[in-house]
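Notes to accompany the following structure.
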Amino acid sequence: MELNILLQQIFNGISLGGVYALEAVGFGIIFNILKFSNFSHSGVVAISAYFGFFVSRYIYTHFLVTLIITTLAGGLIGVIIEKLIFRPIRLKGAPLTLFLVNSITAAMLVQQFFAATLGDDYYPYPVFMKQTSINIGNLTISKTYTLMLIISGLVLLLLTYVLKRTKVGIALRAASTDIRTPSLMGVNIDFVISVAFFIAGVLGGITGYLLGMTYSVDPFIGSMILKGIIAAIIGGMGSLGGGVIAGLLLGGAECLLIAEIGSSLTQIVIYSGIFVLLLIRPEGIAGKRYIIKA
Amino acid sequence: MEVLKAISISKNFGGVSAVDQFAMVQRENEITGIIGPNGAGKTTVFNLITGVYPLDTGEIWFYGKNITGLPSHRITDLGITRTFQNIRLFRNLNVLDNLRVAYGIKVRYTVWEEMIRWPRVKREEGETEELARSYLAYFGLEKYGDMFPYNLPYGLQRRLELARALMANPKLLLLDEPAAGLNPKEIHQLIETLLKMKEEKNLSIIIVEHHMELVMNICKMLYVLNFGKKIAEGEPKDIQRNEAVLQAYLGDEG
Amino acid sequence: MSSPLWKRGVRGDFVEIFKSIGVRGPMEFYIKVLEITCLHTILVLGAYLMTGLTGLFSLGQGGFVSIGAYTASIAYLHFNVPFPMAILMAVLMGSAVGFLIGIPTLRLHRDYFLLVTFGFGEMIRAALLHLAQLTGGALGIAGIPKLVDLPMILISILFITFLIYNLKRSRFGRNCIAIRDDELAASLMGINVYSHKMKVFILSSAITSYGGALYAFLIMFIEPNLFNWLESAKLIIITFVGGVNSITGAIIASVVYYSFGEFFRFVDVWRDVLLALAVLFVTIFRPGGIFGSWELSPTKLFSWRAKKG
């Protein structure tokens, strides 16, 4: 492969990896607190992707404005999903398996709802930029991918600030160690969980928007979150930083592999890689081992 | 005869020492108590004996056999069963089946026989049920066989857990705060039951307990733990006068 | 997949539907619906054993369906293996792969297990696409003769239900439920959790690949996307509608869902929306599933009248 194409692939891969990192973090925040794999995150991503499409196509075509609207909508959807399908079973003290069932079901509900109403047609986002690429010397860099990278980077920085410096963020992190801690700090648990779903939803909203903008929208767009979940797993559930690193690595590796050996072999290689990794380190790269309580 | 022997066992979690060089001996057909303030590492000792956590150092011997590092189910199989501080019954199995689960290790039919309901399966299932019912009766639970455990009042759940631990026909029984949450009358019943069980089934029992009256009444030997370390051992009347023990408890309370 | 509902109209022109699935009249149509429904119910039974009873969340069931379908078809078409032997090979292959996958994964924490099994399903799909010489790649394998009929499927269901029902009401099933409820307490009751999970996993893989093999010789055409992760997920969540403690519930939920889908092909996608809503409704309002732990047993069936009267 030529060097400039290789560099381009790496750049695209890392940009895509940035989105995987967003997904991994959105997924990880919920896992940290409630200890279940939140597949409904893909629902948030899909709804936001369609929402972003409708807003930018029919209401107001401006990249930043529609991005912000979609982001807030994503947060709201996250909160609503929690209220509707997770809070009732949480208040009943349902086992974790039921959370898992509901999250998978919600993912399916959203996907099939869009398939049923809108069909499996592609809905392309409007073109925000006159030029789609920038040339730097020999390199041609896609503007979309550049935006993806910049936005994911900024969002992750902002999130780090929120988690480390704000009272809600600190309560959230405390809840990750033990869900009962926030109430000791005088913060309502229900509120903390709502906030967690809001933040995850915001991340989902941005993810949906970026994916929609890059690939156009179809009902199965939510499935792309699976790569983010895989990144979260590789990184180690419970470690947001690990998820980010794994996301970037995964995106980079995927783009390079697809260019080299084609997409079906890439899948095989990636999944066997995960298999081997979990054999060696069942708790992921940066995850802690679970301590069973007896 | 020595039933159980722990030789300087230790365990630490992320640098914090939960149990530090603990040693104990359990003799046949005796009741031994492990006491100490909250967080002293008493439950961890049980978890180490039953193989829930691997040991950091030390060895555990059971009837002259080194059981260090064996998986929990093997240890149960050899004859050590236990109850839990926070009751851990199987919520989706009814009371009778909770007992039958514990008898699984004694049942001899294979999966293949089970699939086609071979006559041996029917026979052994019948025997299991009979035994389970006799234990229910022993603990005054015969009316509740079809109920699900978490619909029972707390005191009965404790008794059910005890019954389940006995169902596997153990030689050594580990009871983790069996009196917690019981009222004085129930505690009195518990004491009687434990003494009766011990005699009838030739059991050896180790109890982790806060309730001093119970411990002082039925234990032959006591081990006192504080911050993972053994600070005293001896007969109850000696322990009651032990300076270090009083210090640990007063320090804890005050 | 299908185009939007309003573009097609909901009148449901049955004649057209019959034509589209290659049947001549209503009777043949009903039989076809029943065949497909029952076949999926075999798969649900496999998922019931693993997820419903034992609480192992696997999104890799689709992988085993494919393994069964492809093994049997390739053996039959390329290597002239007689039909019953081809089916047997599919089952053995499924069990063997189940064993190999089980070795590393069954020790994993629940969510990791879910993801790795999901990865397994995707890997099988990718492998089938990649090994085009043997599998026909994306084009799949066509021209498989229809050697499976309704009686054969019904007998299979009865037999598999009989096996699982027997397992459920003795030690095996109690151990499954104990492991699902509290793994630690289960191991302290003397259950070898890992080896028991392995038995469950192999058995479930065997049932699922058996279903896959029948599927190939019923539908007469297979392709790598036959059973994606969503189909695997459906098998799991159907068991939760009926109630994880009730085989009867799993079977009834499965029959209702799949026959509904076949009868109302024109609202094909909507049935998934309905299923999802039903699942959420049940988990929120009746967490034990519609049937709780109620089982229909021969004894109950015969004593029904006596009790009523």
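Since we're looking at a predicted model, the values are computed, not measured. Every heavy atom of this structure was used, including side-chain atoms; hydrogens, water molecules and symmetry mates were not. Chain identifiers are assigned alphabetically (A, B, ...) following the order of the sequence lines, protein sequences preceding nucleic acid strands; residue numbering begins at 1 within each chain.
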_For C:Leu184 versus B:Arg88, what's the shortest heavy-atom pair and its separation?_
CD2-NH1, 3.3 Å
_Point-to-point distance, once rounded to the nearest 0.5 Å, from OG of B:Ser72 to CD of C:Glu183_ = 11.5 Å
*Do other residues, nucleotides or ligands put more than 12 heavy atoms under 6.0 Å from the CD atom of B:Glu200?*
yes
*Above 12 or not: heavy atoms from other molecules or residues under 6.0 Å from CZ of C:Phe281?*
no
*asked:* Counting only non-hydrogen atoms closer than 4.5 Å, does B:Ala168 touch chain C with its backbone (N, CA, C, O), its side chain (CB onward), both, or neither?
replied: neither
*Who wins among B:Met167, B:Glu125, B:Arg164, B:Arg74 for the most heavy-atom pairs under 4.5 Å with chain C?*
B:Glu125
*Nearest 0.5 Å please: distance from the OG1 atom of B:Thr128 over to the CZ atom of C:Arg174.*
6.0 Å
*Toward chain B, the part of C:Ile164 with a non-hydrogen atom under 4.5 Å*: neither
*Which residue out of B:Val121, B:Asp97, B:Ile80 racks up the most heavy-atom pairs below 4.5 Å with chain C?*
B:Asp97
*Measure the CZ-CG distance between B:Phe84 and C:Asp182 for me, rounded to the nearest 0.5 Å.*
6.5 Å
*Above 12 or not: heavy atoms from other molecules or residues under 6.0 Å from NZ of B:Lys5?*
no
*Can you tell which of C:Asn192, C:Val244, C:Val193, C:Leu203 has the highest number of heavy-atom pairs within less than 4.5 Å of chain B?*
C:Asn192
*asked:* Testing B:Asn98, B:Ile105, B:Val101 one by one against C:Met189 for a side-chain contact (heavy atoms from CB on, under 4.5 Å), which residue passes?
replied: B:Val101
_Minimum heavy-atom distance C:Asn166-B:Glu114, with the two atoms named_ = CB-O, 3.2 Å
*So how far is it from B:Thr110 OG1 to C:Phe172 CZ, rounded to the nearest 0.5 Å?*
11.5 Å
*Evaluate whether atom CZ of C:Phe99 has more than 12 neighbouring non-hydrogen atoms of other residues, nucleotides or ligands under 6.0 angstrom away.*
no
*Look at atom NZ of B:Lys122 and say whether more than 12 heavy atoms of other residues, nucleotides or ligands are closer to it than 6.0 Å.*
no
*asked:* What residues of residues 133-149 of chain B make heavy-atom contacts with chain C at a cutoff under 4.5 angstrom?
replied: B:Phe148
_Please classify the contact of C:Lys199 with chain B as side chain, backbone, both or neither, using a heavy-atom distance under 4.5 Å._
side chain
*Using side-chain contact (heavy atoms from CB on, under 4.5 Å) as the criterion, point out the one residue from B:Leu174, B:Val52, B:Thr83 that pairs with C:Leu188.*
B:Val52
*Of the backbone (N, CA, C, O) and the side chain (C-beta and beyond), which part of C:Arg180 lies under 4.5 Å from a heavy atom of chain B, both, or neither?*
side chain
*asked:* To the nearest 0.5 Å, what is the distance between CD on B:Glu113 and OG on C:Ser170?
replied: 10.5 Å
_Any donor-acceptor N/O pair, B:Tyr109 side chain to C:Arg171 backbone, under 3.5 Å_ = yes
*Residue selection (most heavy-atom pairs with chain C, distance under 4.5 Å) from B:Ile75, B:Thr76, B:Thr81, B:Asn92*: B:Asn92
*In terms of side-chain geometry, is the basic nitrogen of C:Asp181 or B:Arg91 positioned less than 4.0 Å from the acidic oxygen of its partner?*
no
